[in-house]
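Below is one structure, written out as structure tokens, with a few remarks after it.
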Amino acid sequence: MKAIVADEVVGRARSGDQNAFRTLVEAYSRDVFRLAFRITRNEQDAEDTVQETFIRAYQKLDGFEARANFGTWLYRITANSAIDQLRRKKRHEDRSVPLDEVTAGGVGPGQERAVFGRQVRERVESALVSLSELERAAFVLRHFEELSLAEIGATLDITVSATKQAIFRAVRKLRVTLAKIPRTAP
Amino acid sequence: MKHLDEEELVLYHYGDAEDATSVEEHLKTCARCRAELAELTAVLADVSALPAPDRGDEYGEEVWAAIAHKLTPRRRVRSVFMLAAAAVLLAGTFLVGRLSTRWNAPPPSAQIRERILLVALDEHLDRSQMLLLELVNAPESTFELSAARELLHESRLYRQTAFRMGDLATTDVLDEIERLLLDVVHGTTSGDVLTARIVEQDVFFKIRILQTNVRRREEELKSQQF
Ligand SMILES: [Zn+2]
């Protein structure tokens, strides 16, 4: 998390100071949203995840160790809330419809680059959406948030080896979807 | 030499390779693995380029507005029993008759009694703080008078207990809370004036300090018990 808030504020929030907790909400909401969006790939789900994250954080604040890093702790709650959000949604909805491929036909030469960029983005998007919740969360935490494998394991409550496997599967799916060059056998 | 497989390349890409030096040595001599790594890096760069919407500076305030009312005070141990027990054991005499038939267990040790009181007091402070906070945040809002009345009643009980135990610091804070609650219940003082008083007297800060002490003592007793 980028936001850094004084330990003192965290301490006050822990001892029940609502204003201090408000300061934390205001400082971290943007970062929490970004992470929630990267895992859920949907703005509404990300918004819901943000709210759930802070409500959970508030309830669990007593269990937060003063010496731990608040941002890292909040990550954990965010990632897990995002995963829960995806699972809840899956129960209530049909599988989301994959994005349609953009057709390049009828586009002027000046727009080619833009269209190409859009196509790549949409492919990446659909590749990410095709990942399981766990694969997506593990990949996002390693790729975007640069957490260590051990930290990701702790966050998602899985072993380091399971973390690696989730990331491997995520990368493989991304590569297959984006396949620019044929893959070679090991 | 064996080529690097995808997993090794992924680990290397993210700086997680167990033996990065030997990976690098192989890459130096093997064009095929270099190409493989380049392709992997390109794919992951495409992923990085994917934009994530950014919420503006005001987003945090929006989130707070959406969740503030959903936050329930922590440590919600239902206080009626706690309070009654504490009152019976330590302070009150008026509840004894009502509760004595239900209180057949042998009398708890002084330490347990104190802990019960501390937990109840802590929760009382939480709820008082919530109510005062509500008042400060929205001076014109009308909240449940019955809740304020209940808190006032409890606060008085705790103040008397603290006074009897010779804890004057706690007595003072509870006294301040009590007076504020009294004004809230009477409704004679405007919300703005009350808010100004709460801020001026640093009431939230005092409550916090008191709670810190209460919790410290609670931990102390807890550790002594085992
Ligand atoms: Zn090779």
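Only a predicted model underlies this, so the values are computations on that prediction, with no experimental measurement involved. Naming: A, B, ... by sequence-line order, numbering from 1 per chain.
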* At their closest point, which heavy atom of B:Pro51 faces which heavy atom of A:Arg121, and how far apart are they? -> CD-CD, 3.4 Å
* Residue part contacting chain A, namely of B:Leu44, when any heavy atom lies under 4.5 Å -> both
* How far does CZ of A:Arg22 sit from CG of B:Leu133, to the nearest 0.5 angstrom? -> 9.0 Å
* Asked: Out of B:Gly15, B:Gly56, B:Cys33, B:Ala66, which one racks up the most heavy-atom pairs below 4.5 Å with chain A?
  -> B:Gly56
* To do: Answer yes or no: is there a donor N or O on one side and an acceptor on the other, between the side chain of A:Arg142 and the main chain of B:Tyr14, under 3.5 Å?
  => yes
* **Under 4.5 Å from any heavy atom of chain B - which part of A:Glu47** => both
* To do: Mark yes when over 12 heavy atoms from residues, nucleotides or ligands other than B:Arg179 sit less than 6.0 Å from its CZ; otherwise mark no.
  => no
* Check step by step if side-chain contact (heavy atoms from CB on, under 4.5 Å) holds for A:Phe144 and B:Val47. => CA-CA 9 Å; A:Phe144 289 100; B:Val47 178; 3.9 Å; yes
* **Reported CG-to-CZ distance for the pair B:Leu71 and A:Phe21, which is rounded to 0.5 angstrom** => 6.0 Å
* **Selection from B:Asp57, B:Thr212, B:Leu125 maximising heavy-atom pairs under 4.5 Å formed with chain A** => B:Asp57
* So which part of A:Arg38 gets closer than 4.5 Å to some heavy atom of chain B, the side chain, the backbone, both or neither? -> side chain
* Side chain, backbone, both or neither: which part of A:Leu128 has an atom under 4.5 Å from a heavy atom of chain B? -> side chain
* Asked: For B:Gln129 and A:Gly16, which heavy atoms make the closest approach, and how far apart are they?
  -> NE2-O, 2.7 Å
* Is any side-chain heavy atom of A:Lys164 less than 4.5 Å from a side-chain heavy atom of B:Glu7? -> no
* Measure across B:Leu11 and A:Leu149 and return the closest heavy-atom pair with its distance rounded to 0.1 Å. => CD2-CD1, 4.3 Å
* Asked: Should the pair A:Glu52-B:Lys70 be classified as a salt bridge under the 4.0 Å nitrogen-to-oxygen rule?
  -> no
* Asked: What are the two closest heavy atoms between B:Ser48 and A:His143, and how far apart are they?
  -> OG-NE2, 2.7 Å
* Asked: By a 4.5 Å heavy-atom criterion (distance strictly below it), what part of B:Arg55 contacts chain A: side chain, backbone, both, or neither?
  -> both
* Asked: What heavy-atom pair brings A:Ser15 and B:Arg215 nearest, and what distance separates the two atoms?
  -> CA-NH1, 3.3 Å
* Examine whether an atom of B:Gln211 lies under 4.5 Å from a heavy atom of chain A, and if so say whether it belongs to the side chain, the backbone or both; otherwise answer neither. => side chain
* For atom CG of B:Asp54, is the number of surrounding heavy atoms from other residues, nucleotides or ligands below 6.0 Å larger than 12? -> yes
* Is there a side-chain contact between A:Tyr58 and B:Ile67 (heavy atoms, below 4.5 Å)? -> no
* Heavy-atom check, side chain of B:Trp64 versus side chain of A:Gln18, under 4.5 Å -> yes
